[in-house]
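Naming convention: chains lettered A, B, ... in sequence-line order (proteins, then strands); numbering from 1 in each chain.
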Amino acid sequence: MPLISVLAKMEMRGISLDTDILKDLSLRAGEELEVLSDEIYRLSGENFNINSPKQLGEILFEKLKLPGGSKTKTGYSTSSNVLEPLKDHYRIVSLVLDYREINKLKTTYLDVLPGLIDTFTGKLHTSFNQMITSTGRLSSSNPNLQNIPVRTEFGKLIRKAFKPSSEENILFATDYSQIELRILAHYSDSERLIKAFQDGRDIHSETARDIFELPSDAVIDSSMRRIAKTVNFGILYGISDFGLSRNLGIDRKEAKKYIESYFFKFPGVKDYIDRVILEARKNGYVTTISGRKRHLNRISDRNMNIRKGEERIAVNAPIQGSAADIIKLAMIQIDREIDDRKLKTGMVLQVHDELIFDIFPGEFDTVCRIVKTHMEKACKLGVPLIVEFKKGIDWYHMESFQVL
DNA sequence: GCGATCAGCAA
DNA sequence: CATCGTGCTGATCGC
């Protein structure tokens with residue numbers, strides 16, 4: 001199972017980066033930061049280092065006496081969780097959050113990536129690490145190309161700099177649709193989950209109907225869907241009611257209610273969780289679909305925090321780890337077929353449930369077929385594995401399309 | 001110069 | 001009684 005050579009090829013191939021785009025964005029970011037910091041200093045009545053949580057906390061919660069201060073032993077927390085609820089009432093908080101976002105993007109991506117371009121190849125070469133994560137996922141470093149921004153509009157602009165290796169080439173991205181929830185459906189054999197996937201339903205809206213006890217034709221508004229999505233996310237990532245309450249900004253009781261009504265509606269999932277925890281206690285480990293083990297030596301620890309933590313891992317590891325196994329299998333097979341057919345197209349990135357290719361002229365249709373086939377057939381589950389496709393002239397301008 | 005701490009990005 | 005998914009990176013701060 002030689003994935004290593006696939007990764008080596010991806011690393012050596014690298015990806016093209018248009019530094020002019022990043023320089024321009026960095027300039028714009030710098031100007032914006034200037035404006036924001038001036039206004040923050042004016043409202044504070046003094047200059048200080050906005051990047052220092054210590055100084056920022058003292059300004060906000062001592063000098064300006066904003067509510068809700070104090071948090072940790074070292075001082076005030078100024079995390080976005082704390083600041084977010086204050087931003088509609090205090091302009092300075094809103095400015096700080098804007099400042100944080102832009103500064104993060106500037107210092108982590110805009111100003112760093114250009115310096116990492118290899119002087120010989122002219123490309124960006126990440127390292128894909130196989131021996132780091134506890135779940136079997138890959139990690140990426142120097143630079144990490146698995147966390148390039150996508151959620152905010154300004155952040156997403158960074159993706160304009162990621163381009164195919166020539167003007168004639170096309171960037172091609174595929175991703176598994178809800179692979180982890182499909183794996184959960186597979187393992188839990190949950191009737192509702194399986195049915196929803198077989199019918200091609202929107203799984204988060206479906207979950208919303210279930211946890212809010214609404215009829216099957218009920219219209220789901222965005223806030224209900226958001227909650228359901230976070231609940232699904234929480235189940236997969238092995239989060240606790242505490243974690244869920246924090247993510248949703250609700251109290252713990254409320255979060256617990258959502259989780260309980262989820263389990264009431266998806267008893268198969270509850271059974272899966274109980275089963276996998278028992279298995280972990282019996283064997284001291286859990287396994288993924290291809291047999292990778294995650295050892296859980298403290299699953300029966302007398303310290304409840306440790307025990308609960310291990311139990312969350314026991315639930316999550318087979319799901320996240322199996323997803324990692326499946327995409328790795330697909331990568332090996334795709335690479336082999338591209339090689340056999342002597343195509344020039346190459347895989348350039350893997351982002352957990354997503355693969356990015358640099359497609360050469362004339363190879364587009366062939367590569368689409370190859371990738372679709374191997375990704376969808378990498379593993380047979382109790383539900384279909386669905387892959388979604390996008391293409392574009394850069395990583396920003398990506399348009400969905402169908403492959404038949 | 002190093003490590004601890006805080007913060008925030010992604011799937 | 002307070003704690004709370006991972007991995008990667010950058011900035012600050014104290015030693």
Task: Residue pair A:Leu113 / A:Phe162, side-chain heavy-atom distance below 4.5 Å - done: yes

Open item on the list: Measuring only between side-chain heavy atoms, which start at C-beta, is A:Phe61 closer than 4.5 Å to A:Val82?
Closed with: yes

Among [options], the nucleotide that comes nearest once only the side chain of [X] is considered:
{"X": "A:Ser77", "options": "C:dG5, B:dA7, C:dC8", "answer": "B:dA7"}
{"X": "A:Arg151", "options": "B:dA10, C:dG5, C:dC8", "answer": "B:dA10"}
{"X": "A:Arg246", "options": "C:dG5, C:dG7, B:dC9", "answer": "C:dG5"}
{"X": "A:Lys54", "options": "B:dA7, C:dG14, C:dT3", "answer": "C:dG14"}
{"X": "A:Thr78", "options": "B:dA7, C:dG7, C:dG10", "answer": "B:dA7"}
{"X": "A:Asn147", "options": "B:dC9, C:dT3, C:dT9", "answer": "B:dC9"}
{"X": "A:Tyr109", "options": "B:dC9, B:dA10, C:dC13", "answer": "B:dC9"}
{"X": "A:Gln55", "options": "C:dG10, C:dC4, C:dC13", "answer": "C:dC13"}
{"X": "A:Ser79", "options": "C:dT12, B:dA7, B:dA10", "answer": "B:dA7"}
{"X": "A:Asn142", "options": "B:dA11, C:dT9, C:dG5", "answer": "C:dT9"}

Task: Aromatic centroids of A:Phe364 and A:Phe401 separated by under 6.0 Å - done: yes

Given atom [atom1] of [X] and atom [atom2] of [N], what is their separation to the nearest angstrom?
{"X": "A:Arg307", "N": "C:dC4", "atom1": "CZ", "atom2": "P", "result": "18 Å"}
{"X": "A:Ile183", "N": "B:dA11", "atom1": "CD1", "atom2": "P", "result": "17 Å"}
{"X": "A:Ile102", "N": "B:dC9", "atom1": "CD1", "atom2": "P", "result": "12 Å"}
{"X": "A:Lys104", "N": "C:dG10", "atom1": "NZ", "atom2": "P", "result": "9 Å"}
{"X": "A:Ile148", "N": "C:dT9", "atom1": "CD1", "atom2": "P", "result": "11 Å"}
{"X": "A:Leu97", "N": "B:dC9", "atom1": "CG", "atom2": "P", "result": "10 Å"}
{"X": "A:Glu153", "N": "B:dC9", "atom1": "CD", "atom2": "C1'", "result": "16 Å"}
{"X": "A:Phe128", "N": "C:dG7", "atom1": "CZ", "atom2": "P", "result": "17 Å"}

[X] near the nucleic acid: base, sugar-phosphate alone, or nothing, with a heavy-atom cut-off under 4.0 Å?
{"X": "A:Asp241", "value": "nothing"}
{"X": "A:Asn103", "value": "nothing"}
{"X": "A:Thr133", "value": "sugar-phosphate"}
{"X": "A:Glu180", "value": "nothing"}
{"X": "A:Asn49", "value": "sugar-phosphate"}
{"X": "A:Asn305", "value": "base"}
{"X": "A:Leu105", "value": "nothing"}

Is the closest side-chain donor-acceptor distance between [X] and [Y] under 3.5 Å?
{"X": "A:Glu354", "Y": "A:Tyr176", "value": "no"}
{"X": "A:Ser44", "Y": "A:Glu46", "value": "no"}
{"X": "A:Asn232", "Y": "A:Thr207", "value": "yes"}

Task: Base paired to C:dC15 (Watson-Crick or G-U; both N/O distances under 3.5 angstrom) - done: B:dG1

Task: C:dC4: pairing nucleotide in any strand, Watson-Crick or G-U under 3.5 angstrom - done: none

Check: [X] side chain, [N] base, donor-acceptor under 3.5 Å:
{"X": "A:Arg100", "N": "B:dA7", "result": "no"}
{"X": "A:Arg312", "N": "C:dT3", "result": "no"}
{"X": "A:Asn144", "N": "C:dT9", "result": "no"}

I'd like the [atom1] distance from [M] over to [N], given in whole Å.
{"N": "C:dC1", "M": "B:dG8", "atom1": "P", "result": "30 Å"}
{"N": "C:dG5", "M": "B:dC6", "atom1": "P", "result": "15 Å"}
{"N": "B:dA7", "M": "C:dT3", "atom1": "P", "result": "14 Å"}

Open item on the list: Quick test of your reading of the model: are A:Glu363 and A:Arg341 salt-bridged, counting only N-O distances below 4.0 Å?
Closed with: no

Task: Ion pair check, A:Glu311 and A:Arg281, cut-off under 4.0 Å - done: yes

For [N], does OP1 or OP2 lie under 4.0 Å from any side-chain N or O of [X]?
{"X": "A:Ser80", "N": "B:dG8", "answer": "yes"}
{"X": "A:Ser134", "N": "C:dG7", "answer": "yes"}
{"X": "A:Asn129", "N": "C:dC8", "answer": "yes"}

